[in-house]
Amino acid sequence: MEMRKINKILVANRGEIAVRVMRTAKEMGIQTVAVYSEADRDSPHVHYADEAVCVGPPLSAESYLRGDKIIQICKDLQVDAIHPGYGFLSENARFARDVTDNGIIFIGPSPEAIEVMGDKLAAKNTVAEYDVPMVPGVNHAVTEVDEAAKIAEQIGYPVLIKASAGGGGKGMRVVEQPDDLEEQMKRAISEATSAFGDGSVFVEKFITSPRHIEIQVLGDQHGNLVYLFERECSIQRRHQKVIEEAPSSVLTPEKREAMGKAALGVAKSCNYYGAGTVEFIVDANLDFFFLEMNTRLQVEHPVTEEITGVDLVKEQIYVAEGRALSFAQEDLKIKGHAMEVRVYAEDPTNGFLPDIGRLQTYIRPQGPGVRVDDGFEQGMDIPIYYDPMISKLVTFGDNREMAIERMLRAIKEYRITGITTTLAFCAYVLKHEAFTSGNFDTKFVEKFFDPEELKKKDPEYEQIASALAAYLIDGRKTQTAVNGNGQLSKWKLRARN
Ligand code: ADP
């Protein structure tokens, strides 16, 4: 394997992840190129890069997903490597192949690994020989209701019908009893056909009240593989993660090692190199089952960086250059505890509807143990075209309690006006007994979240609001505390904190 030094990287992404990747590149003395859509002309990732090129109109399909244009830009600007971030082209095997065919390094695994892990049935079959626990069920596509009924009878209800090509929770249907099987199966097939152009579905046991725990893996192109422990991502809303932490509060060292080894088995099965994540579902007995592998850098990677001291992007770049890993499994230790909350421009008191608009005030929290990965500045509009995530707020402490306390302090310090965010919702979760005790599962939000609680008056913010009102009535108006109509919105002030 020949070494190839990377001197210039193009980041085929936007927002916080583009900035995050460029930061590491800058530290490594690597030149950076940003691509942007017309909606992102003024974004921090564009200003942060050494060079920036517009790739097209706001719609992703016409800009961030235009692999052909992006490859051409690399050729024009003598770019050595492309970092795809997450989302967009990051798990597109064809793009990865085109990049390599054009003599450019793809910072990620091989196209073959992306391909096989992108298909749930192919992944199950590939992993089958590697001693990895699987959810009871079948490893082949099921088209006949009769066959599905037989399988369901064997594994026992409730069962889950899943689309092989699935992603983002689409094409998944829970079946509680035999009578519902036929209809749910038809629905899953039609949903999968329209969403992915592939109607293959399979049947597996539905694990009630599961936890979602995933293992970070890292491999080089010389066959070395390590795992960087777990991230607990059980706090989800409609199968989307909202709060992540590392380590998990329920794993024993033995269980951690068993899951780590299973994750390495998954990685080996597809000759994995680069950074990747093996997701497991964990039942009430702490038995774990392989769900899927994400062949890219994960949104929640910072919590792993905080507890291991490893810069995952730096390692991705080294691996892409052909270097061998500079550490072994024994060198890795967990130090402290990290939390991440995803801050979305959504209104938690109104069904989490996106609340797009202008960031009138945007002041980040600071101080010990606080990291903010974001892609916005005060005064910017949140574009309607992309994911409404504003930032990832990460805290680190000696232990879980400290990481939670720091997170609550950081949430209070965060000043955002002009739009509603999920910060208040995150604070609600962090203070809840089920969360602090560690005794929770993926149903937390369904079971415990009551939007009415957020609407209740919080004396602290009432005080701030009235002080601010007095200040404004004084005639010295500031933009920061007024809403679109130029009036002070007490509710908005409260909701943001
Ligand atoms: P997707 O690719 O659509 O995200 P996943 O297989 O990763 O699908 O599953 C997404 C989420 O659905 C998991 O995090 C978990 O909460 C739930 N889930 C998946 N499989 C099962 C199962 N067998 N039993 C219970 N819940 C499941």
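First listed ligand is number 1; within each ligand, the first listed atom is number 1. Counting begins at 1 with the first residue of the sequence.
- Within a 6.0 Å sphere centred on CD of Q177, heavy atoms belonging to other residues, nucleotides or ligands number more than 12.
- With F435 as the aromatic partner, R400 meets the cation-pi criteria of under 6.0 angstrom to the ring centre and within 45 degrees of the ring axis.
- For D450, the CG atom counts as densely surrounded, since its 6.0 Å shell holds more than 12 non-hydrogen atoms of other residues, nucleotides or ligands.
- The minimum heavy-atom distance between A12 and V35, with the atom names listed, is CA-CG2, 4.1 Å.
- Against a heavy-atom cut-off of under 4.0 Å, E279 is close to the following atoms of ligand 1: 7 (O).
- Residue contacts with ligand 1 for I207 involve both N, CA, C or O and side-chain atoms from C-beta outward (heavy atoms, distance under 4.0 Å).
- Where the criterion is an N or O separation shorter than 3.5 Å, residue side chain and backbone included, L160 fails it with respect to ligand 1.
- Here the protein heavy atom with the shortest distance to atom 13 (C) of ligand 1 is L291 CD1, 3.7 Å.
- Atoms of ligand 1 found under 4.0 Å from any heavy atom of K205 (numbered from 1 in listed order, with element): 22 (C), 23 (N), 24 (N).
- For atom 5 (P) of ligand 1, the nearest non-hydrogen atom from the set K120, Q236, R238, H239 belongs to K120.
- Within the 4.5 Å cutoff, the side chain of I404 has no heavy atoms near those of the T395 side chain.
- Considering only non-hydrogen protein atoms, atom 7 (O) of ligand 1 sits nearest to E292 OE2, 2.9 Å.
- Atom 14 (O) of ligand 1 has H212 ND1, 3.0 Å as its closest protein atom, hydrogens excluded (heavy atom only).
- The number of heavy-atom neighbours closer than 6.0 Å to NZ of K170, taken from other residues, nucleotides and ligands shown, is 12 or below.
- With a heavy-atom cut-off of 4.0 Å, I281 touches ligand 1 through its side chain alone.
- Among all protein heavy atoms, the one lying closest to atom 10 (C) of ligand 1 is M172 CE, 4.0 Å.
- Using cut-offs of 30° and 60° for the angle between ring planes, the Y428 and H432 rings count as tilted.
- Among all protein heavy atoms, the one lying closest to atom 3 (O) of ligand 1 is G169 N, 2.5 Å.
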Side chains of residues 122-129: which donor-acceptor partners sit under 3.5 Å, not counting sequence neighbours?
unit_1 : atom_1 : unit_2 : atom_2 : d
K124   : NZ     : E204   : OE1    : 3.0
N125   : ND2    : L121   : O      : 3.0
N125   : ND2    : N139   : O      : 3.0
T126   : OG1    : A122   : O      : 2.7

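- For atom 6 (O) of ligand 1, the nearest non-hydrogen atom from the set K162, M293, M134 belongs to K162.
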